[in-house]
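One structure below.
In listed order, ligands and their atoms are each counted from 1. Start at 1 with the first residue, then count along the sequence.
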Amino acid sequence: MDTPRPPALPDRIGGLTELAYNLWWSWSPEARELLRALDLQAYRESGHNPVLMLRMVEPRTLARAAQDPAFLGRYDEVMARFKEETEPSSLAFPSHPGPIPGPVAYFSAEFGVHVSLPVYAGGLGILAGDTLKEASDLRLPLVGVGLIYSHGYVRQRINADGWQEETHEPLDASSYPIRPARDAAGRPLVVVVPAFDPPVHVGVWQAQVGRVPLYLLTTDLEQNQPWDRAISQHLYTGDLEGRLRQEIVLGLGGMVALRSLGIDPGAVHLNEGHPAFAALERLGSSVSRGASWADALAAVRKSTLFTTHTPLHAGTDVFPYPLIERYLLPYLDRAGLPRDAFLALGLDPANPGAGFNMTAFAIRVSQTTNAVSARHAEVARGIWSGVRFDDHPVPIRGITNGIHLRTWIEPLRIQKLFDRYLGPEWRERPDDPEVWARVDRIPDEELWRVHEERKAALAAEVDSRARRRWGEGTASAARIITAGPFLDPRILTLGFARRFTAYKRPTLLMHDPERLRRLLTDPLRPVQIVFAGKAHPADHDGKRLIQEVYRLALDPRFAGRIAFVEEYDQHLAKYLVAGVDVWLNTPLPPLEASGTSGMKASVNGVPVLSVLDGWWPEGYTGDNGWAFGGEEIAGDRTAADAAALYRILEEAVVPLFYDRGPDEIPHGFVRVMKQAIKTVAPRFSARRMMREYGEVYLSALGLA
Ligand SMILES: *Cc1c(COP(=O)(O)O)cnc(C)c1O
C-alpha cells in the first residue's frame, strides 16, 4: 500500500488537500463550485475526483487562484463550513447528549459514497453511502467498515450484438480519496485475520465521509499468497469458497482491524448478511476473555442490529458445512466457542441440510432485525418466521429506506430553486413536511423551466457519451444509434435505470411491441425511453434482457425513441433521476425490498410510475405519481401488469404531459411534480431513516 503524495499547493489554499480527501465536498454545492471554479476542465477530466484533479491542475493556475480575491473569498467560506460540518468533537445522540460506550460500527460489503470511490455495485451500496452521509449530518457516532476491491469495479460495454461485456477496472489507490489507516506508531496498519492458516494479512484504507470514518480492508498485499491476495479483488466473487473467505475477512477481519485502531464499538450494525461474522469475532473475544458462551451471546445480541435487504429466500448466502468447518472450526476451538451451538445459530429450519445460512445467523445474533420497507417487513416475516432464538420467534420490523437529499437533489439548479423558495431549512430539517409544503410557492413556470434544463442536460450528457464512444473507434454505427443520439428534450421521456435482472422486468413495457410502437411514435404526442443498467457478470438472463432492449432500440420501427446508455453508475444516475419526466419501476411483486431510485427521481420533481411494491405502497398518495399492480394475481402476471402500465401511460401520463395552456406549460403535470417533491422528500429522506435507526442504536448501546 503506497501512500499517495499530496500535490504541492500554495499555502494560502493548502486546505484543498484535506477537502479533496473528505467526501463531504461531494454533498456541499459550495465546495463543488469551488473546485469547478479552480479548474472546470480538470474537474471534469478527473471524473469529478478532486484527489486526481489537484494533481492535474497546472501550478500557475494554483498560483493564480491563491492570489485571486474572489476565489479566496469563496475558499474561506467553504473551508469555514467544511470545518463546521466535519469537526468531530461533539458526536452524540441528539436525544442522549451524554457519553456512549463506543461508536456504532456499520458493516457493509459495499459503500456507494461517490463515483470517485467505486466500491459498490448497486442499491445496497448506495444506501450504505447515504447512511454514512446522514450519520455525519446528524452527528451520530458511527464508523463504516467495508472492503476495497482491487480489481473490482465492473465497467460495462455493449457490443454490436447487444451483449454486455465487462472490463474490470483495477484500483489505483493513489488516485482514490483514501489514505492508509495508521497504527499507534504511525505505520500503515496491517492486521492478521485469525481464521486463516497460513495467516492472511489485511491492509486498511481510510476514507472520510464528513465526520464519519470509513475503513476499507484489502488482502491484496505483497505479504499474502496470490490466492489470498485474490480474496478482496472482486466484489461478490462468484464461487462459494471465495465468497466465504471474503465474508470472513469483512466480518472477522473488520472487527480485528477496528480493535487495532483502538476502536471498541458499542454496537454493530450489519448491513445485509455478508458481514455477519463480525458477531463471531465479538463472541470469540468475549469468551477468550473469560465470559461464558451464554453471557457472550447475550451481550452480543443486545448490541447488534441487522438490516435484511432481500425478499428472496434464495438471495442469501448459504455455505455448505464442510466449508464452514474447514475455515471456522480452528477459530472456534482456539477461542473456546462451542461448535454445535455456533452452527445452530446459522441453521435455516426451512432448509436445514443446505448449510450455514448467513441471514439466519445474522437474525439470531441481533437484538433487532429490520427490513427496508413496511411491505418487505411482512414478506421477511413470512420467510424467516421459522428462525427462532431460544424458542422465541424473532421480531422483524420495517425501517423504510431513505435517500440523502443533499446528494440526490440536483445541485446546480434544483437545490438553488429550493434554497430560494423553501429557505435553508430544507437542508437543516430535511424530514420536516412543513418545510416541503413550501414547494407550492414555486411558480409553475419556474419549476418547469428548470426541469426542461435538466432534460437538456441529460440529452447533452448522453450525446457526449455517444460521441466519445464513437471516437474510440471500436463501436459500430448501429451501436451508436442505440446510445441515444436522437433524444429530444421536448418530448415525454420515461426513465428506467436499475440492475438488469429478471425480477426487475425491464422489458415489461415491451410486452406488446406494436402497442409500444404506437405510443412512442405518435406524431402529435410522442414518447421516448432511456434505459440504463448493468447485469451482474454471471447473470445471463439479465444480459439477455439488455440485448432485448438493444434490439428494439435498433429497430427502425421505434424511430430512435429507445436509448440504452452504458455504464449506469452514481454519476449517470444523477443525470437520469433529474432529467427524465417519469420514472418507471416494474419489478415483479413482492420482490422489490424497497428501491430507492424512485425516491431520488421524485425529490427532483420526476414522478414515479411504479408497481405497488417496495417503498411505493407507503409513498403513493394518489396524486404524486402513478401506481398499478397492487392486486394479488395467481400465476403469471406479466400480461395484466403490462396492460395496466400501457393504460396508465396512454390515458393518464401522455394526455397530462401534453396538455399545455397558452403559456406552453403543462400545469396539471407540474402539479404532480410538486406533489412528488412535497410528499416524498420528507418521508423518504435519509434523515427520517437515520432518526429511526438512531433510536435502535440507543437501545443497542444500552442507553434507551
Ligand atoms: C439509487 C441507485 C441504485 C438503486 O436503485 P433501485 O431503485 O433500488 O434499483 C442502483 N444503482 C445506482 C447507481 C443508484 O444510484
Side-chain angles (χ1 to χ4, degrees), residues 26-27 48 108-131 133-134 153-156 235-236 271-272 307 309-312 315 371-373 375-376 400-405 407-410 458 461 495-506 508 530-536 539 542 545 565-580 582-604 606-611 613-616 618-619 625 680 684-686 689:
S26 71
W27 74 90
H48 313 95
S108 178
E110 329 175 14
F111 284 94
V113 181
H114 185 256
V115 273
S116 59
L117 185 59
V119 293
Y120 66 94
L124 178 75
I126 305 279
L127 178 81
D130 280 8
T131 296
K133 292 173 196 171
E134 193 58 51
Y153 197 67
V154 177
R155 301 258 171 217
Q156 175 192 51
L235 179 56
Y236 303 138
N271 191 40
E272 219 5 310
T307 299
H309 287 262
T310 167
L312 264 184
V372 290
S373 69
R375 177 95 204 267
H376 178 221
T400 304
N401 284 344
I403 54 166
H404 186 250
L405 297 182
T407 295
W408 290 107
I409 296 173
E410 189 281 320
L458 170 65
E461 173 69 15
F496 182 102
R498 47 185 46 78
R499 185 156 279 279
F500 268 65
T501 189
Y503 88 83
K504 299 261 192 187
R505 298 194 296 182
L508 186 69
V530 184
F531 285 94
K534 295 173 184 171
H536 188 282
D539 183 356
L545 292 168
V565 185
E566 280 172 351
E567 196 45 31
Y568 180 47
D569 64 7
Q570 242 183 113
H571 187 60
L572 181 59
K574 287 179 181 175
Y575 276 98
L576 285 167
V577 295
V580 300
V582 173
W583 194 254
L584 273 187
N585 184 46
T586 55
L588 180 66
L591 298 183
E592 181 86 308
S594 169
T596 52
S597 57
M599 302 173 189
K600 300 169 193 167
S602 296
V603 300
N604 283 292
V606 173
V608 166
L609 163 49
S610 170
V611 166
D613 195 22
W615 73 285
W616 196 225
E618 288 161 75
V680 173
F684 300 95
S685 60
M689 170 180 76

Using a cut-off of under 3.5 Å, which N/O atoms of ligand 1 pair up with protein N/O atoms, and what distance separates each pair?
from	atom 1	to	atom 2	distance (Å)
ligand 1	7 (O)	Thr596	N	3.2
ligand 1	7 (O)	Ser597	N	2.9
ligand 1	7 (O)	Ser597	OG	2.5
ligand 1	8 (O)	Thr596	N	3.3
ligand 1	9 (O)	Lys504	NZ	3.2
ligand 1	15 (O)	Lys600	NZ	2.6

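Listed by chain and number, the residues in a side-chain contact (heavy atoms from CB on, under 4.5 Å) with Leu508 are Arg505, Thr586, Phe628, Thr638, Asp641, Ala642, Leu645 (sequence neighbours excluded). Lys534 is linked by a salt bridge (charged side-chain N to carboxylate O under 4.0 Å, His left out) to Glu567, counting only residues two or more places apart in sequence or in another chain. With sequence neighbours excluded, the residues that form a side-chain contact (heavy atoms from CB on, under 4.5 Å) with Pro506 are Phe496, Phe500, Lys504, Leu545.
With no hydrogens or angles considered, no side-chain donor-acceptor pair links Asn401 and Thr596 at under 3.5 Å.
Asp569 places no side-chain N or O within donor-acceptor distance of the main-chain N or O of Val115, the cut-off being under 3.5 Å. Under a 3.5 Å cut-off, the side chain of Glu110 and the backbone N or O of Gly125 do form a donor-acceptor pair.
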